[in-house]
Amino acid sequence: MGLNLKDVALREKTSLESFNTRVVAIDAYNALYQFLSTIRGSDGMPLADLEGNTTSHLSGLMYRNASFLSMGIKPVWVFDGRSPSLKAAEIERRRQTKMDAAIKYEKAIADGDQEAARKYAQQVTSLKDGMVDQSKELLDLFGIPHIQAPSEGEATAARLTITGQAWAAASQDYDSILFGARRLVRNFTNNGRRKVPNRNFYVTVEPELILLERVLEGAGLSREQLVDMGIMIGTDFNPSGFYGIGPKKALKLIKKHGRLEDIPQVQEKLESTPYEEIRRIFLEPDVADVDEIRFGSVDHEGIIRYMTEHDFSPNRVGQALARMRKALEKKSQTLERWF
DNA sequence: CGGAAGCA
DNA sequence: TGCTTCCGG
């Protein structure tokens with residue numbers, strides 16, 4: 001879910017083109033959830049093979065990676081491992097939200113309310129183990145590396161930006177910067193304006209870059225203080241945060257007093273919050289040790305075979321790959337002209 | 001979501 | 001040619 005750091009996180013517009021040749025560590029769960037909830041047919045249900053197994057994640061992954069490679073972007077997909085036990089409450093909260101959504105979905109269907117049905121269907125989305133395995137198989141066929149994080153994927157992605165193995169981490173959640181990601185890209189996708197289904201308006205999604213150093217400088221905080229601020233607002237590890245304290249007040253308090261222990265207003269809350277443990281999760285996270293990130297070659301035939309097994313049209317898949325190959329040829333030609 | 005068809 | 005709508009599985 002992530003925390004609300006909009007107010008302190010200075011964002012600058014960017015473009016996919018500017019990521020040419022760069023390695024980007026992608027929060028795999030974050031992206032896969034997005035695919036599952038947004039790639040849907042007109043009935044609001046996810047895409048599925050002939051047996052009814054969901055395939056939206058495969059569609060999203062294939063087109064997204066083909067597009068990344070076409071643009072010279074080097075994606076590394078980072079998968080979540082076991083969640084810290086402190087996340088249990090948040091996970092339970094999400095489970096409950098899904099159960100509620102399932103009930104609301106049934107009601108919307110009974111009422112014939114299409115728009116509501118679609119909305120709640122999206123909220124029921126869940127990422128199954130099998131989908132994760134399938135996603136890794138597809139990445140292998142693309143020659144695109146994937147890393148299994150021991151714990152939160154965002155933490156390992158952040159680490160890669162610190163070691164210099166990745167230029168940036170891509171996720172929708174701001175948690176990445178608490179984990180220390182030097183650069184975070186949000187909306188790491190192609191499109192500008194998008195119509196929201198069944199409704200008559202558009203939203204603009206443009207890639208945006210958040211630089212940890214600038215966030216800290218801009219707010220006049222250390223990373224430790226940013227984490228403390230996050231704890232007051234609420235993180236996945238203390239979802240409700242401190243009652244009555246939002247981003248504005250949290251910033252003011254942390255700047256005035258320096259650290260949680262010294263803020264008079266929150267002493268009572270601290271007694272019931274494992275704040276030291278939450279700090280450790282962000283500041284000393286359990287991350288994968290990655291020695292070398294290897295990019296392989298694209299197995300065109302293998303991808304077509306794999307996607308076809310999941311009832312994708314071989315024509316469409318072949319076309320997507322042909323487009324990618326063409327883009328890469330063009331790229332190497334313009335490069336040759338320089339030498 | 002992202003590609004392609006449809007339309008001015 | 002550029003923008004909107006449609007559809008994939």
Side-chain angles (χ1 to χ4, degrees), chain A residues 14-17 19 24 26-73 75 77 114-115 117-128 130-135 137-139 141-142 144 170-173 185-208 298 300 302-328 330:
Chain A
T14 184
S15 64
L16 288 203
E17 288 75 21
F19 286 80
V24 180
I26 297 171
D27 182 352
Y29 271 51
N30 193 261
L32 291 175
Y33 264 108
Q34 211 145 19
F35 294 148
L36 290 171
S37 73
T38 59
I39 302 177
R40 285 169 184 254
S42 35
D43 58 352
M45 289 286 113
L47 305 187
D49 64 17
L50 296 174
E51 290 171 25
N53 306 301
T54 298
T55 54
S56 292
H57 57 302
L58 297 177
S59 176
L61 257 195
M62 185 195 69
Y63 288 114
R64 178 78 55 94
N65 281 307
S67 149
F68 283 160
L69 296 184
S70 299
M71 305 181 101
I73 298 167
W77 291 75
Q114 289 239 341
E115 192 185 308
R118 191 187 182 91
K119 183 174 97 182
Y120 294 124
Q122 285 182 308
Q123 290 180 12
V124 181
T125 300
S126 72
L127 181 55
K128 304 289 196 317
M131 299 178 184
V132 171
D133 295 338
Q134 291 168 352
S135 299
E137 286 178 62
L138 183 55
L139 288 170
L141 292 167
F142 267 96
I144 291 173
S171 176
Q172 290 307 98
D173 295 343
V185 213
R186 300 184 69 247
N187 304 333
F188 198 51
T189 61
N190 242 328
N191 20 246
R193 278 175 89 226
R194 270 201 88 76
K195 188 183 183 296
V196 329
N198 300 332
R199 309 193 103 252
N200 206 19
F201 68 84
Y202 291 80
V203 282
T204 316
V205 274
E206 282 180 309
E208 55 190 31
V298 181
H300 290 241
I303 293 171
I304 293 173
R305 194 184 341 107
Y306 189 75
M307 297 303 281
T308 307
E309 279 167 18
H310 293 276
D311 297 332
F312 282 76
S313 140
N315 274 340
R316 279 171 191 275
V317 175
Q319 237 172 275
L321 297 178
R323 217 177 19 251
M324 174 176 82
R325 196 164 35 79
K326 227 180 249 173
L328 289 173
K330 197 172 166 191

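Treat the numbers as computed from the prediction; the structure is a model and nothing was measured.
- Look at CD1 on A:I304: it is 13 Å from P on C:dG9, rounded to the nearest Å.
- Considering only residues two or more places apart in sequence or on other chains, A:S126 meets the side chain to side chain donor-acceptor pair (under 3.5 Å) condition with A:K128.
- Under the salt bridge (Lys or Arg N to Asp or Glu O under 4.0 Å) criterion, A:E206 pairs with A:K13, sequence neighbours left out.
- The closest donor-acceptor contact from the side chain of A:S56 to the backbone of A:I39 lies under 3.5 Å.
- Residues meeting the side chain to side chain donor-acceptor pair (under 3.5 Å) test with A:K326, sequence neighbours left out: none.
- Scanning for side chain to side chain donor-acceptor pair (under 3.5 Å) contacts around A:Q134 gives A:H57, with sequence neighbours left out.
- With rounding to whole Å, A:I39 atom CD1 is found 11 Å from C:dG9 atom C1'.
- Taking A:R40 as the reference, nothing meets the salt bridge (Lys or Arg N to Asp or Glu O under 4.0 Å) condition, with sequence neighbours excluded.
- Rounded to whole angstrom, the span from the OH atom of A:Y63 across to the C1' atom of C:dC7 amounts to 10 Å.
- With sequence neighbours left out, the side chain to side chain donor-acceptor pair (under 3.5 Å) criterion links A:S171 to A:D27.
- As rounded to whole Å, 11 Å separates atom P of C:dG8 from atom CG of A:D43.
- Contact footprint of chain A on DNA chain B: nucleotides with an atom under 4.0 Å from a non-hydrogen protein atom, first to last in 5' to 3' order, B:dC1 to B:dA4.
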Report all side-chain donor-acceptor pairs from residues 311-325 of chain A shorter than 3.5 Å, counting only partners two or more places apart or in another chain.
{"residue": "A:D311", "atom": "OD2", "partner": "A:L50", "partner atom": "N", "Å": "2.6"}
{"residue": "A:S313", "atom": "OG", "partner": "A:N315", "partner atom": "N", "Å": "3.2"}
{"residue": "A:S313", "atom": "OG", "partner": "A:R316", "partner atom": "N", "Å": "3.1"}

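- Every residue two or more places apart in sequence or in another chain that forms a side-chain contact (heavy atoms from CB on, under 4.5 Å) with A:T14 is listed here: A:S18, A:F19, A:V185, A:P207, A:L209.
- Taking a 4.0 Å limit (strictly below) on heavy-atom distances, residues 44-60 of chain A does not reach DNA chain B anywhere.
- With sequence neighbours left out, A:Y306 forms a ring pair (Phe, Tyr, Trp, His ring centres under 6.0 Å) with A:H310.
- Residues from residues 313-324 of chain A with heavy atoms under 4.0 angstrom of DNA chain C, sorted by number: A:S313, A:R316.
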